[in-house]
Structure formats: C-alpha cells, structure tokens
Amino acid sequence: METVVFYQFVTEVPEAAAIWSTLFLLTLGLLTVLAARPERDQPTDDPPPAPPTAREVAAAEAVDLRRYAEEVAVAATGAATTAKRRRAAWLTAQEQMERAFIEYDEADNAARRFAGAGALPTPRTPQTPAEYAARERYLHRAAMAAYWRGDLTMAQLGDVFGHRHGWDPRRHPVEQEVLISRVIRDARLADYQVAAGRERAAWRDAELAAESARTLAEEAYVAAVRLRPVPVPARRTVAGALRPAVVARWRPARVG
C-alpha cells in the first residue's frame, strides 16, 4: 500500500508542478502586457485651448463680412441683368399690344363701313344656278384674299370652303363682305386681348425684377460700406501742439 501511494506521488506531483508553472507564466505575461499598454481613458494634463483674441475674432468677422459682400454683389449684378431683360421683354410686349390695337381699330372701322353698306336693301338679282355659282366664286375669292392678307386663319378658310359656321355661298356678295369683316374684327379683338394680357404680365414681371434689383443693390451698398475702414482723425504732433504762439516783439518808436 505504501508503495502504491509513493508511486502516485512520484508520478503526479511533477505533472501538477508543470501545470502550475505554465499558468504562472501566462499570468506573468498578461500582467506585463497590461503594464506596458498605455491607458486610453486616462485624462491628459494638457491645458484647455485658449479663447480667441479680439484680433482673431475681428479678423474672422471681416472674412465673413467680405464673403457676404461678394455674394450680395454677385446677386445684385444678376438681379440687375434680369431686370434689364424683363424691361426689354415688357417693351416688346407693349409694342405688340399697340400694333394689335391698331390692327383691331382698322378692322373695326372696316366692319362699321360694311355694316353701314349692309343696312341698305340688298340688290335684287335673278336666283339662278349661274347667279349662285357666281356668288360662291366671289366668296371663295374674297376669303382667299383675306387669308393671304393674314386676316383669316387656315381653319377659318376651311370653314368658308366647307360652308360651315354660317358661311353660305348663296348670300349676296355684300352680305359676304359684311360677314368677312366681322370675322376679321373679332379675330383682331381676340389678338389684342391676348397681347394686352401678355403686356400686363410682362409689366408685373418687370416691376418685380426692378424692385428685387433695387433691394439687392441697396444691400450690396450697405455691405460694401461696412467693409470700408473707419477713418481715424489725424492727431496733431506733439511739437505742433506745444508750439508757442508767435508773439510780436515790441519795438520803441523812433523820435524825430
């Protein structure tokens, strides 16, 4: 029995010693690594950054002010260009409206003349196929002439040849002229109304662009004035300030 115990002691003790030695070496290596590793969360002893000086603050403000003045100047230039373009567009629209009114006035006067002629009794003509054919040819020639003058559109000319919308080739030529003049007057009135609406819209756009340009120009001027250095009054030199006033020297009057 003692021999067995002694044998177990001799065989197991060295094995346990080897295990403990390995654990000891691993622990020692881990402690060495932890001791050599710098602490990340350790607070530093560096002093906090110093607040900016008044000169630095003034320099930063000057840079911001200059950048703002440049941006406003660019915006003011663009607004002025837009205002000029809108004004030119308004002048063009105004000219178109004036031409449209003149054309409408001429068409209205012509329609009044034809209306006065249409008030007279229609001449009596024989109602024969030849007469109706002559009236149809007259209507077609008058409509084509009005189309080539620009008084009738292609759609209206198609209505004339298709005998639609009141175009009756059996009517007397005087009645046809009255009808053509009224159609032309109505078309010129519609053109004038469209041109007047465009002119009003162009005028509003020009006014808004001009107001925006004035506002931006004033803002750019104020920003440019703020960039100018403040004039410092000139100081008199010490020598000039302490210079005594010139005193007239007294001289005795000559006798005789």
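Predicted model, so just to flag it, every value in this text is computed and none were measured.
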Say you draw a straight line from [atom1] of [X] to [atom2] of [Y]; how long is it, rounded to the nearest 0.5 Å?
| X | Y | atom1 | atom2 | answer |
| --- | --- | --- | --- | --- |
| Thr153 | Asp159 | OG1 | CG | 7.5 Å |
| Leu189 | Arg182 | CG | CZ | 14.5 Å |
| Gln193 | Phe101 | CD | CZ | 12.0 Å |
| Gln96 | Glu199 | CD | CD | 10.5 Å |

Looking at [X] and [Y], what are the two nearest heavy atoms and their distance?
| X | Y | value |
| --- | --- | --- |
| Ala202 | Ala93 | CB-CB, 4.1 Å |
| Ala146 | Ile180 | CB-CG2, 4.4 Å |
| Ala76 | Ala220 | CB-CB, 4.2 Å |
| Trp167 | Val183 | CZ2-CG2, 3.8 Å |
| Arg185 | Tyr104 | O-CD1, 3.8 Å |
| Ala79 | Leu216 | CB-CD1, 3.5 Å |

Any side-chain heavy atom of [X] sitting closer than 4.5 Å to one from [Y]?
| X | Y | answer |
| --- | --- | --- |
| Glu70 | Val74 | no |
| Thr215 | Glu211 | yes |
| Glu177 | Tyr138 | yes |

Identified salt bridge (Lys or Arg N to Asp or Glu O under 4.0 Å) partner of Arg188 from the options Asp105, Asp151, Asp108: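 Passing option: Asp151.
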Joint hydrophobic cluster, [X] plus [Y], side-chain heavy atoms closer than 4.5 Å:
| X | Y | answer |
| --- | --- | --- |
| Val160 | Leu179 | yes |
| Met97 | Trp90 | no |
| Trp148 | Phe161 | yes |
| Ile184 | Tyr192 | no |

I'd like to know if Arg99 and Glu103 make a salt bridge, using a cut-off of under 4.0 Å between side-chain N and carboxylate O.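 Result for this pair is no, no salt bridge flagged.
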Option passing side-chain contact (heavy atoms from CB on, under 4.5 Å) with Glu136 (candidates Arg170, Gln176, His163):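 One option only clears the test, and that one is His163.
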Strictly distance-based, threshold 3.5 Å: is any side-chain N or O of Thr77 a donor or acceptor partner for the main-chain N or O of Ala73?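 Checking the backbone N and O of Ala73 against the side chain of Thr77, a donor-acceptor pair under 3.5 Å is found.
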